[in-house]
Student: 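I am attaching a structure below and will ask some questions about it afterwards.
Sequence positions, counted from 1, serve as the residue numbers for this chain.
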Amino acid sequence: MDRSWKNHYDAEMVGGVETPDCTIYEMMLRTAKVFPDRTAVSFEGTKISYSELVHEVDSFSTALTDCNVSVGTVVTVCLPNIPQAVIAVYALNRIGAIANMVHPKTPAAELRSCMKQTGSECLLLLDLFLPKYTDMLEDMKPGLVITCSISDYLSWGKALAFRWSQRKKIPKIDMHSFYIPYSNLILHGEMLMQGKLDGEYDWPSAFDDEKKKEEKPYERPVGPDDPALYLHSGGTTGSPKVAVLSSTNMNLPAMLGPQIIRVPDPFSDPEHFPQLTMVAILPLFHGFGICMCMHCMICCGITMLLVPVFKPDELAKILCREKPQLLAAVPTLYEGMLKSEKLKKKKLDFLKDCFSGGDSLPLDLKKRFEEFVRERGANLSLREGYGLTETVTVCAVNPASDCRDGSVGLPLPGIDMKIVKPGTNEEVPHGEKGEICISGPTVMLGYLNDEEATNVAIHTHEDGRKWLHSGDLGHRDEDGYFYFDQRIKRIIKVSGVPVFPTQIEKVLLSRPELEEACAVAIPHPYRLHVVKAYVVLKDREATTEQQDIIQQALMDECRRCLIPYACPVEYVFRKELPRTKIGKIDYRALEQEALEEYRARAKKRAAKAEKGGTHE
């Protein structure tokens with residue numbers, strides 16, 4: 001196989017990494033033994049060292065075991081980027097349970113469906129969001145609902161101020177129901193570990209004079225190749241699916257972390273390994289966030305700086321206050337940084353490496369960002385990468401020494417990529433467009449309970465290896481740089497978050513007034529893309545007033561059933577929709593029409609602005 005990309009790696013990208021035979025929990029232990037006192041997690045001024053993180057993880061997992069969470073139990077983690085989310089992932093892995101990662105603002109109906117699909121009877125969620133789920137949970141009656149508070153890991157003063165400011169929004173929890181506060185549960189785990197309680201849902205107060213029991217040593221309940229995470233994906237065909245990922249899938253990119261960020265192996269000379277911080281603003285329910293911003297940092301002794309609010313203003317505030325060296329974000333956040341008044345007068349010379357993923361990086365944005373940070377003392381390239389949920393996101397990344405415009409970079413060591421003729425396993429010549437395929441230890445175990453979809457996505461090629469067919473069209477050049485051209489699958493990236501047209505259309509068509517619906521992407525100056533809906537009413541003669549009423553009903557239904565990113569921002573009523581030759585709705589024709597309309601409006605605005613400037 002032509003791996004000419006190796007000739008263009010950074011000097012630090014030497015490959016040769018052997019992935020330890022470890023679960024993700026054991027990888028965390030490995031780091032904590034070498035860097036016990038270094039900060040693992042930073043959150044709103046609270047610093048959690050690696051030894052403290054292990055203690056929190058062990059306490060929480062011990063309490064979960066006492067609540068009958070065990071090997072194979074699926075626990076839905078519906079949390080923003082807060083310490084409890086990190087602790088939960090490693091605690092669940094410690095006892096062989098599976099973390100089902102979902103968006104913290106998932107609508108109640110979708111969360112219920114997600115839990116049912118994955119067989120999840122246990123849920124972690126933010127207490128602030130509990131009111132919108134109460135009715136669903138009372139009806140569903142899951143085995144356990146653990147409510148987490150932002151204040152759980154704040155300093156005493158900040159926690160008090162937070163609870164006071166949010167006192168009307170946070171509901172009181174009935175301790176006799178299936179709800180348990182996280183703070184109570186982790187304290188219970190600490191008592192169990194200290195031998196102050198007998199277990200089996202034993203919740204009395206502890207007494208210091210009780211005889212302590214001997215602490216049980218850790219015993220591996222599952223192996224590195226067993227399921228560890230469920231991440232939700234559009235699949236390689238654009239239909240929502242659940243990707244099943246193992247510890248091994250997560251560990252290879254994590255082990256390559258030092259080479260990617262161009263630092264020495266942290267375990268070869270721990271005393272001289274630099275103190276580094278990564279901004280973890282990418283959500284942990286997203287592969288890019290959980291693998292590169294969380295697990296990779298944990299495996300390398302680097303601090304992960306948790307940012308629970310996915311907004312450019314929050315990112316700007318964090319950069320000014322914390323001065324981190326590493327940043328991984330979606331293009332939307334980089335665009336927001338350029339517009340931030342807070343950053344315009346600040347030095348950014350503390351930045352060492354910036355990475356872009358989750359959506360295509362516009363070339364204009366790349367150049368503007370690089371110019372922006374260089375003017376403020378950071379001499380770096382914005383390094384675009386490529387990946388999928390099915391490969392824990394990262395497969396390729398641009399080298400710092402030769403970061404090429406428009407390219408998604410070079411395959412990482414241990415990962416192979418190639419371009420094949422769509423619908424076949426036949427590799428095409430360099431420079432020719434085709435489907436991007438990936439092979440290596442990061443390829444998922446498969447889609448949950450969907451063998452047919454797994455077989456469509458993963459093929460065994462003539463070389464005897466399993467290759468993931470991405471559903472993306474691209475090409476590679478003679479040097480081994482890969483380029484993303486367009487999607488075969490129907491997925492819209494809104495601020496880097498994947499939303500699924502088929503899911504949106506299903507919600508729209510749940511309204512009895514509609515006969516047909518089609519959701520397409522349109523450009524947006526900040527989010528890069530947003531959703532536009534074309535709909536056909538059963539009553540073709542509906543008046544404008546009736547259409548307005550129906551549109552409001554559609555908007556309400558979308559807000560109820562979809563995450564905010566998936567809700568259409570425009571609605572167009574048509575008497576019919578264009579068709580392909582075989583009679584299907586031609587969504588590509590509608591996308592092109594919407595794009596032309598957007599460009600026409602933009603041109604009109606520009607002309608109007610220019611005319612106004614002339615008169616001045």
Student: When rounded to the nearest 0.5 angstrom, what distance separates NZ in Lys466 from NE2 in His461?
Tutor: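 Going from NZ on Lys466 over to NE2 on His461, the span is 12.5 Å.
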Student: Does the side chain of Ile318 come within less than 4.5 Å of Leu305's, by heavy atoms?
Tutor: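 Yes, close enough: below the 4.5 Å cut-off.
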Student: What's the spacing between Leu284 CG and Cys291 SG if we round to 0.5 Å?
Tutor: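 Here the rounded value is 11.5 Å.
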Student: If you define the side chain from C-beta out and look only at heavy atoms, does anything of Val531 sit under 4.5 Å from Ile492?
Tutor: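 Yes, side chains in contact.
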Student: Determine whether a donor-acceptor pair (N or O, by modelled atom type, separation under 3.5 Å) exists between the side chain of Asn93 and the backbone of Val89.
Tutor: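 No, because the side chain of Asn93 does not come within donor-acceptor range (under 3.5 Å) of the backbone of Val89.
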Student: Where do Tyr386 and Asp472 land on the side chain to side chain contact (heavy atoms under 4.5 Å, CB included) test, with the steps shown first?
Tutor: CA-CA 11 Å; Tyr386 174 80; Asp472 291 333; 2.7 Å; yes
Student: Not counting sequence neighbours, which residues clear ring-ring contact (aromatic ring centres under 6.0 Å, His included) with His459? List them please.
Tutor: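 In terms of ring-ring contact (aromatic ring centres under 6.0 Å, His included), with neighbours along the sequence ignored, His459 is linked to His469.
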Student: Do you see a donor-acceptor pair shorter than 3.5 Å between the side chains of Tyr218 and Asp58?
Tutor: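 No - no donor-acceptor pair under 3.5 Å links their side chains.
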Student: Kindly indicate, with the supporting measurements, whether the criterion side chain to side chain donor-acceptor pair (under 3.5 Å) is fulfilled by Arg476 and Ser4.
Tutor: CA-CA 11 Å; Arg476 64 159 284 182; Ser4 51; 2.9 Å; yes
Student: Take Asn425 and Val420 through the test side chain to side chain contact (heavy atoms under 4.5 Å, CB included) and record every step on the way to the result.
Tutor: CA-CA 6 Å; Asn425 298 340; Val420 303; 5.6 Å; no
Student: When you look at Leu333 and Ile281, which way does the side chain to side chain contact (heavy atoms under 4.5 Å, CB included) test go after all the steps?
Tutor: CA-CA 9 Å; Leu333 289 172; Ile281 191 170; 3.7 Å; yes
Student: Is it true that a side-chain atom of Asn251 and a backbone atom of Thr19 form a donor plus acceptor pair closer than 3.5 Å?
Tutor: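 Here the side-chain-to-backbone pair does not exist.
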Student: Between the side chain of Arg383 and the main-chain N/O of Asn398, is any donor-acceptor distance below 3.5 Å?
Tutor: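 Such a contact is found between Arg383 side chain and Asn398 backbone.
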Student: According to side-chain contact (heavy atoms from CB on, under 4.5 Å), who are the partners of Ser113, at least two apart in sequence or on a separate chain?
Tutor: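 Here no residue qualifies.
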Student: Can you check whether Trp5's main-chain N or O pairs, donor with acceptor, with Asp479's side chain at less than 3.5 Å?
Tutor: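 Judged by distance alone, no pair lies under 3.5 Å.
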Student: Determine, step by step, whether Tyr526 and Thr332 satisfy the side chain to side chain contact (heavy atoms under 4.5 Å, CB included) criterion, reporting the C-alpha distance in whole Å, the side-chain angles of both residues, the deciding distance to 0.1 Å, and the verdict.
Tutor: CA-CA 6 Å; Tyr526 165 59; Thr332 292; 3.3 Å; yes
Student: Are the charged groups of Glu26 and Arg30 less than 4.0 angstrom apart, N to O?
Tutor: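 A salt bridge is absent here (no side-chain N lies under 4.0 Å from a carboxylate O).
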Student: Salt bridge check: are Asp416 and Lys418 linked by an N-O gap of less than 4.0 Å?
Tutor: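 No, this pair does not count.
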Student: Does some side-chain heavy atom of Leu562 sit less than 4.5 Å from a side-chain heavy atom of Ile504?
Tutor: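 In short, these two side chains touch, coming nearer than 4.5 Å.
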Student: Counting N and O atoms only, with roles assigned by atom type, does the side chain of Glu435 sit under 3.5 Å from a partner on the main chain of Gly471, one being a donor and the other an acceptor?
Tutor: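 Yes; at least one donor-acceptor contact below 3.5 Å.
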Student: We want to know whether Glu390 and Ser233 form a side-chain donor-acceptor pair, criterion being a heavy-atom distance below 3.5 angstrom.
Tutor: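 There is such a pair between these side chains.
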Student: If we count only N and O atoms by modelled type, under 3.5 Å, do the side chains of Asp485 and His475 hold a donor and an acceptor together?
Tutor: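 Judged by distance alone, the side chains do pair up.
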Student: Once rounded to the nearest 0.5 Å, what's the spacing between atom CD1 of Ile87 and atom SG of Cys148?
Tutor: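 With rounding to 0.5 Å, CD1 (Ile87) is 9.0 Å from SG (Cys148).
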Student: Does the side chain of Pro266 come within less than 4.5 Å of Val34's, by heavy atoms?
Tutor: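 In short, these two side chains do not touch, never coming nearer than 4.5 Å.
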Student: Classify the side-chain pair Asp402/Tyr481 by whether it contains a donor and acceptor separated by less than 3.5 Å.
Tutor: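 The criterion, which ignores hydrogens and geometry beyond distance, is satisfied for Tyr481 and Asp402.
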Student: Is any side-chain heavy atom of His295 less than 4.5 Å from a side-chain heavy atom of Ile24?
Tutor: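 They are in side-chain contact.
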Student: Scan residues 273-292 for pairs that pass side-chain hydrogen bond (donor to acceptor under 3.5 Å, both in side chains), counting only residues two or more places apart or in two chains.
Tutor: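 Counting only pairs at least two positions apart or across chains, no side-chain hydrogen bond (donor to acceptor under 3.5 Å, both in side chains) contact touches residues 273-292.
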Student: Which heavy atom of Ser247 sits nearest a heavy atom of Cys22, and at what distance?
Tutor: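 Ser247 and Cys22 have their closest heavy atoms at CB-O, 3.8 Å.
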Student: Taking all atoms of both residues into account, what is the closest heavy-atom pair of Val57 and Tyr90, and its distance?
Tutor: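 Scanning both residues completely, I find the closest heavy atoms to be CG1-C, 3.7 Å.
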Student: Is there a donor-acceptor contact under 3.5 Å from the side chain of Thr424 to the main chain of Glu426?
Tutor: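 Yes: the side chain of Thr424 pairs with the backbone of Glu426.
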Student: Checking Thr31 side chain against Met27 main chain: does a donor-acceptor pair fall under 3.5 Å?
Tutor: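 Yes, Thr31 side chain to Met27 backbone: donor-acceptor pair under 3.5 Å.
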Student: Hey, does the side chain of Ser495 reach the backbone of Val497 with a donor-acceptor pair shorter than 3.5 angstrom?
Tutor: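 Between the backbone of Val497 and the side chain of Ser495 there is no qualifying donor-acceptor contact (under 3.5 Å).
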Student: With no hydrogens and no angle check, just 3.5 Å: does a side-chain donor-acceptor pair link Thr106 and Arg112?
Tutor: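 Absent: no donor and acceptor within the cut-off.
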Student: Which atom names give the shortest non-hydrogen contact between Met417 and Ala396, and what distance separates them?
Tutor: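 For Met417 and Ala396, the tightest heavy-atom pair comes out as SD-CB, 3.8 Å.
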Student: Identify the two heavy atoms, one from Phe273 and one from Ile302, that lie closest to each other, and give their separation to 0.1 Å.
Tutor: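 So the two residues come closest at CE2-CG1, 4.1 Å.
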Student: Between Arg368 and Glu335, does any NZ, NE, NH1 or NH2 come within less than 4.0 Å of an OD or OE carboxylate oxygen?
Tutor: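 So Glu335 pairs with Arg368 through a salt bridge.
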Student: On a heavy-atom basis, which atom in Leu319 and which in Pro324 lie closest, and how many Å separate them?
Tutor: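 Taking every non-hydrogen atom into account, CD2-CG, 3.6 Å.
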Student: Hey, are the side chains of Cys78 and Leu123 touching, using non-hydrogen atoms and a 4.5 Å cut-off?
Tutor: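 Counting from C-beta outward, Cys78 and Leu123 do come under 4.5 Å.
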Student: Side chains of Met444 and Thr391, heavy atoms from C-beta outward: is any pair under 4.5 Å?
Tutor: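 No, their side chains stay 4.5 Å or more apart.
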Student: Charged N to carboxylate O below 4.0 Å: is that the case for Asp450 and Lys241?
Tutor: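 No, Asp450 and Lys241 are not salt-bridged.
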Student: Indicate yes or no for a side-chain donor-acceptor contact from Glu384 to the backbone of Val397 under 3.5 Å, with no hydrogens or angles considered.
Tutor: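 Between the backbone of Val397 and the side chain of Glu384 there is no qualifying donor-acceptor contact (under 3.5 Å).
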Student: Distance alone, cut at 3.5 Å: any donor-acceptor contact between the side chains of Gln259 and Tyr9?
Tutor: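 No donor-acceptor contact under 3.5 Å links the two side chains.
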Student: Kindly compute the distance separating CE (Met294) from CG (Leu282), expressed to the nearest 0.5 Å.
Tutor: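 Answer rounded to 0.5 Å: 13.0 Å.
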Student: Is there side-chain contact between Leu231 and Leu245, with heavy atoms separated by less than 4.5 Å?
Tutor: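 The answer is yes; the side chains approach within 4.5 Å.
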Student: Quick one: CD1 on Ile438 to CD1 on Ile436, what's the gap to the nearest 0.5 Å?
Tutor: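 One gets 7.0 Å once the value is rounded to the nearest 0.5 Å.
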Student: For Asn249 and Ser246, does a side-chain donor sit closer than 3.5 Å to a side-chain acceptor?
Tutor: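 There is such a pair (donor and acceptor under 3.5 Å, judged by atom type) between the side chains of Asn249 and Ser246.
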Student: With a 3.5 Å cut-off and no angle check, do the side chains of Ser439 and Arg465 form a donor-acceptor pair?
Tutor: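 Looking only at side-chain atoms, Arg465 and Ser439 do form a donor-acceptor pair, the distance falling under 3.5 Å.
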Student: What closest approach, in Å, do Ile98 and Gly72 show between heavy atoms, and which atom pair accounts for it?
Tutor: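 Closest approach of Ile98 to Gly72, heavy atoms only: CD1-O, 4.3 Å.
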Student: Can Asn100 and Ser120 be said to form a side chain to side chain donor-acceptor pair (under 3.5 Å), step by step?
Tutor: CA-CA 8 Å; Asn100 176 36; Ser120 177; 5.0 Å; no
Student: So does Lys506 have more than 12 non-hydrogen atoms from other groups sitting under 6.0 Å from NZ?
Tutor: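 12 or below, so no.
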Student: Strictly below 4.0 Å, N to O, side chains only: are Arg220 and Asp226 in salt-bridge contact?
Tutor: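 No, this pair does not count.
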Student: To the nearest 0.5 Å, how far apart are CG in Leu528 and CG in Leu365?
Tutor: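 Those atoms lie 7.5 Å apart.
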